[in-house]
Amino acid sequence: MNVSFTYDKRQVIQALRYHFISRPEIRFMIILVNVFALACAGLYYFKKIAPLALLTGSFMWFFLMISFWFVMPAMVYKRAATFKDHFTMNFGEEGFSLGNERGSREWPWKALSTFMESPNFFHLYFDSRSFFLVPKNSFRDRDEIFQLRQLLKAKVKK
């Protein structure tokens, strides 16, 4: 199966949000800050803490949400030249290849540690930090998306 694609900025930003939120350490930090903010609100309601503590908890929550939802995805998008290239990918039984105007490279399926699917992309992870995004809109129809999904489930061990 062959696909050719370029990236849409808005879709990439959304995919990067999915990536960050799916990270266990970030998810844990978000839960921890949410619990802290709720505890501050409850303690303030029962007059156990000063308004400054509630303000600090609220500020931490807003800062965390804004950074993970807006700042970090935008920074990654700006720094990565990858999102401005045109790519061609080939998926087969033995592995997959990726190419652009500067060259190409092939990987066996065992090079991928895991994959994730978001509304607009397949996220192919080489390790916990290195991944590649394959846009779903680059496929001809839903059948090709289904075929790739089944191929990934069969070849990439989670």
Side-chain angles (χ1 to χ4, degrees), residues 1-38 57-158:
M1 171 182 346
N2 291 315
V3 293
S4 295
F5 57 88
T6 54
Y7 291 107
D8 176 70
K9 182 179 179 178
R10 288 187 303 174
Q11 288 182 347
V12 170
I13 296 287
Q14 187 65 26
L16 291 171
R17 288 175 182 148
Y18 274 92
H19 166 73
F20 289 127
I21 299 299
S22 73
R23 305 292 314 142
E25 61 273 12
I26 292 176
R27 191 179 299 165
F28 176 74
M29 190 172 16
I30 288 173
I31 290 169
L32 192 64
V33 169
N34 279 329
V35 168
F36 178 74
L38 288 172
S58 300
F59 176 74
M60 284 177 50
W61 186 85
F62 282 120
F63 177 76
L64 187 71
M65 293 301 133
I66 288 171
S67 65
F68 287 130
W69 202 253
F70 296 108
V71 177
M72 287 176 58
M75 284 175 46
V76 170
Y77 183 84
K78 285 180 187 176
R79 287 184 184 168
T82 304
F83 299 125
K84 293 162 183 69
D85 282 341
H86 177 79
F87 292 100
T88 302
M89 288 190 84
N90 182 20
F91 299 97
E93 286 298 317
E94 298 300 316
F96 62 98
S97 66
L98 172 69
N100 64 11
E101 57 274 356
R102 292 184 300 279
S104 65
R105 175 141 187 229
E106 293 184 22
W107 289 274
W109 286 113
K110 66 181 181 180
L112 294 177
S113 63
T114 188
F115 76 95
M116 181 178 76
E117 188 174 350
S118 63
N120 296 312
F121 291 93
F122 288 103
H123 303 237
L124 307 179
Y125 286 89
F126 295 98
D127 58 42
S128 64
R129 304 276 184 229
S130 302
F131 64 98
F132 196 80
L133 297 172
V134 182
K136 288 182 180 178
N137 63 7
S138 64
F139 294 91
R140 279 183 259 148
D141 54 25
R142 289 180 182 228
D143 289 338
E144 280 193 346
I145 294 172
F146 179 77
Q147 289 173 1
L148 180 60
R149 185 181 299 121
Q150 297 304 357
L151 188 62
L152 289 170
K153 286 179 182 177
K155 300 294 183 178
V156 180
K157 305 299 180 214
K158 288 193 175 187

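This chain uses plain numbering: 1 for the first residue, then up along the sequence. What you see below is based on every heavy atom in this structure, not just the backbone, and it leaves out hydrogens, waters and symmetry mates.
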Which donor-acceptor pairs under 3.5 Å do side chains of residues 61-70 form with protein atoms, sequence neighbours excluded?
from	atom 1	to	atom 2	distance (Å)
Trp61	NE1	Asn34	OD1	2.2
Ser67	OG	Phe63	O	3.1
Ser67	OG	Leu64	O	2.9

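Of the possible polar contacts, one joining the Ser113 side chain to the Tyr125 backbone as a donor-acceptor pair under 3.5 Å is found. In this structure, Tyr7 contributes its side chain and Leu133 its backbone to a donor-acceptor pair below 3.5 Å.
Residues Phe131 and His19 bring their aromatic ring centres within 6.0 Å.
Contact detail for Thr6 and His86: the closest heavy-atom pair is CG2-ND1, 3.2 Å. In this structure, Phe20 and Pro73 approach most closely via the heavy-atom pair CE1-N, 3.7 Å. Closest heavy-atom contact between Pro108 and Phe96: O-CE2, 4.2 Å. Shown here for Glu101 and Asp85, the closest heavy-atom pair between the two residues is OE2-OD1, 3.8 Å. Here the shortest heavy-atom pairing between Ser118 and His123 reads OG-NE2, 2.9 Å.
Counting only heavy atoms from C-beta outward, the side chains of Leu98 and Met89 approach each other to under 4.5 Å. Annotation: side chain of Glu94 is not in contact with side chain of Trp109 (no heavy-atom distance under 4.5 Å). Using a 4.5 Å heavy-atom cutoff, the side chains of Arg17 and Ile13 are in contact. Proximity of Arg105 to Ser97: side-chain heavy atoms (C-beta onward) are nowhere separated by under 4.5 Å. At least one side-chain heavy atom of Phe139 sits less than 4.5 Å from a side-chain heavy atom of Met1. Under the 4.5 Å side-chain criterion, counting only non-hydrogen atoms from C-beta, Asp8 is not in contact with Asn137. Lys155 places a side-chain heavy atom less than 4.5 Å from the side chain of Glu93. Looking at Gln11 and Pro119, their side chains never come closer than 4.5 Å, going by heavy atoms from C-beta outward.
A distance of 7.0 Å separates CG in Leu124 from CG in Leu148, rounded to the nearest 0.5 Å. Between Asn120 atom CG and Gln14 atom CD the span is 7.5 Å, to the nearest 0.5 Å. For the atom pair CZ (Phe122) and CD (Glu117), the distance works out to 4.0 Å, reported to the nearest 0.5 Å. Atom-to-atom distance recorded for Glu144:CD and Lys136:NZ is 14.0 Å, nearest 0.5 angstrom. One distance of note links CG of Asn2 with OG of Ser138; it measures 11.0 Å at 0.5 Å rounding. Considering OG of Ser4 and CZ of Phe87, their distance stands at 11.5 Å, rounded to 0.5 Å.
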Query - side chain to side chain contact (heavy atoms under 4.5 Å, CB included) between Leu152 and Phe91, worked out - result: CA-CA 10 Å; Leu152 289 170; Phe91 299 97; 5.6 Å; no
Requested in this report: Apply the test side chain to side chain contact (heavy atoms under 4.5 Å, CB included) to residues Phe83 and Lys9: give CA-CA distance (whole Å), side-chain angles for both, the deciding distance (0.1 Å), then the verdict.
Outcome: CA-CA 8 Å; Phe83 299 125; Lys9 182 179 179 178; over 6 Å; no
Query raised in the report: Passes side chain to side chain contact (heavy atoms under 4.5 Å, CB included), Glu106 versus Asn90? Steps please.
Result: CA-CA 9 Å; Glu106 293 184 22; Asn90 182 20; over 6 Å; no
Query raised in the report: What do the steps show when you test Leu16 against Val12 for side chain to side chain contact (heavy atoms under 4.5 Å, CB included), and what is the final call?
Result: CA-CA 6 Å; Leu16 291 171; Val12 170; 4.0 Å; yes
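For Lys84, the NZ atom is densely surrounded, since the number of other residues' heavy atoms within 6.0 Å is greater than 12. Dense packing is recorded around CD of Glu25, with more than 12 heavy atoms of other residues, nucleotides or ligands lying under 6.0 Å away.
The cationic group of Lys153 does not satisfy the cation-pi geometry with Phe115, failing either the under 6.0 Å distance to the six-membered ring centre or the 45° limit from the ring axis.
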